[in-house]
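A quick write-up on the structure given underneath.
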Amino acid sequence: MAAAPAMKPEPHARRRHAVSLALGVVCVLIMSWAAGLAWFVRDARRPPRMPPPCDGAVALTGGQGRIEASLQLMAQHRARRLLISGVDPHATLGDFLTRAPRVLPLEVWLRTTLGRQATSTLGNADETAQWVRAQDIHSLIVVTAGYHIRRAMMEIARAAPDVTLYPFAVQPPALLHPRRLATWRLLVVEYDKWLLACIDTARWTRPVHGLIHHDDIRPATSHAVTP
């Protein structure tokens with residue numbers, strides 16, 4: 001007796017299977033994203049650890065407490081030179097003197113450099129890489145906000161792979177109020193930016209980035225601070 005021919009699944013059954021598979025993938029992606037966000041928030045709020053003495057330090061402008069923390073590290077002899085990256089072109093030494101939490105030795109200011117070229121994290125990385133090469137720096141403390149430290153370290157490591165980096169994550173006021181909607185919005189945005197940095201989207205978007213941030217594709221020139 002001949003075997004009965006195999007029954008082909010009906011079109012609507014195949015569609016249900018495809019939809020179920022797609023929904024499963026989406027659920028897994030959402031759960032993975034949410035778990036990663038929880039880790040990112042916890043990591044961002046972690047108190048900074050004191051780094052070992054290094055050749056230099058870089059403070060990335062754009063948030064409260066970063067410059068003050070880097071100046072304190074200099075005063076504590078944790079770094080012998082300091083770069084403040086992404087300084088406004090019209091900023092002066094007096095602007096930073098007013099931010100100092102206390103009177104600092106003159107040598108701290110003499111060993112501080114204002115970098116005026118960077119307008120983004122990629123620009124900070126490029127500016128830092130040129131500065132460390134010019135100053136023969138092999139170990140560097142990176143000072144920025146807790147929600148920014150992972151991405152900043154990653155981009156600087158790519159731009160200056162021969163330099164040993166140590167993070168010093170500042171806790172800005174926003175992280176002291178984690179339940180506020182504005183804080184969560186900030187953390188989600190920074191988390192997504194970090195994810196994009198992990199897959200190195202900048203490599204493919206650099207031409208567009210250069211059109212938007214013109215200063216970041218020019219050779220960075222730093223201006224030494226003098227009193």
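Just so you know, these numbers use all the heavy atoms, side chains as well, and skip hydrogens, waters and symmetry mates. Quick note: residue numbers are just sequence positions, from 1.
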Would you call Lys193 and Thr121 a side-chain contact if the rule is heavy atoms closer than 4.5 Å? no
Nearest non-hydrogen partners of Thr61 and Gly86, listed with the distance: OG1-O, 2.9 Å
Is there a side-chain contact (heavy atoms from CB on, under 4.5 Å) between Ile30 and Val26 once you walk through the steps? CA-CA 6 Å; Ile30 291 175; Val26 170; 3.8 Å; yes
Grouping I, L, V, M, F, W and Y whenever their side-chain heavy atoms are under 4.5 Å apart, do Tyr147 and Trp39 come out in a common cluster? yes
Step-by-step side-chain contact (heavy atoms from CB on, under 4.5 Å) determination, Arg158 to Asp200: CA-CA 10 Å; Arg158 287 169 177 163; Asp200 201 8; 3.4 Å; yes
Polar side-chain atom of Gln117 near backbone of Val87 as donor-acceptor pair, under 3.5 Å: no
Give the cluster check for Tyr166 versus Leu71: same hydrophobic cluster or not, with ILVMFWY residues linked at side-chain heavy-atom distances below 4.5 Å. no
Shared hydrophobic cluster for Met74 and Leu114 (ILVMFWY, side-chain gaps under 4.5 Å): yes
Euclidean distance, Asp136 CG relative to Arg81 CZ, rounded to 0.5 Å: 11.5 Å
Heavy-atom pair with the smallest gap, counting every atom of Ala118 and Ser85: CB-OG, 3.8 Å
Identify the two heavy atoms, one from Ser139 and one from Ile137, that lie closest to each other, and give their separation to 0.1 Å. O-CG2, 3.3 Å
When hydrophobic residues are tied together by side-chain contacts of less than 4.5 Å, even through go-betweens, does Val58 share a cluster with Ile149? yes
Treating Gln171 as the side-chain partner and Pro47 as the backbone partner, does any N or O pair qualify as donor plus acceptor under 3.5 Å? no
If I take atom CZ from residue Arg180 and atom CZ from residue Arg185, how far apart are they, to the nearest 0.5 angstrom? 12.5 Å
Once rounded to the nearest 0.5 Å, what's the spacing between atom CD of Gln135 and atom CG of Leu82? 11.0 Å
So which of Arg150, Met154, Arg151 actually passes side-chain contact (heavy atoms from CB on, under 4.5 Å) with Cys198? Met154
Quick check: is Val188 connected to Tyr191 through a chain of hydrophobic side chains (ILVMFWY, heavy atoms under 4.5 Å apart)? yes
Output the distance between atom CD (Glu68) and atom CD (Gln72), rounded to the nearest 0.5 Å. 9.0 Å
Using a cut-off of 6.0 Å, state whether more than 12 heavy atoms not belonging to Met50 lie near its atom CE. yes
For Trp184, all residues meeting side chain to side chain donor-acceptor pair (under 3.5 Å), sequence neighbours excluded: none
Using the rule side-chain contact (heavy atoms from CB on, under 4.5 Å), only one of Leu140, Ile156, Val142 pairs with Val163; which is it? Leu140
For Val170, does its backbone N or O pair with a side-chain atom of Arg66 as donor and acceptor, under 3.5 Å? no
What's the shortest heavy-atom distance between Leu187 and Leu37, and which atoms? O-CD1, 4.3 Å
Nearest heavy-atom pair of Phe168 and Ala69: which atoms, and what distance? CE2-CB, 3.9 Å
Given side chains that start at C-beta, do those of Gln130 and Asp126 come closer than 4.5 Å, heavy atoms only? no
With rounding to the nearest 0.5 Å, note down the distance linking OG in Ser120 to CD in Glu127. 10.0 Å
Check Pro53 against His77 and note the closest heavy-atom contact, atom names and distance. CB-O, 4.2 Å
Donor-acceptor pair, Arg111 side chain versus Arg80 backbone, under 3.5 Å? yes
Do Leu122 and Glu155 come within less than 4.5 Å of each other through their side chains, counting heavy atoms only? yes
Under a 4.5 Å cut-off applied to non-hydrogen side-chain atoms, are Val25 and Leu29 in contact? yes
Quick one: pull up CD1 in Ile141 and OG1 in Thr164 and give me the separation to the nearest 0.5 Å. 12.0 Å
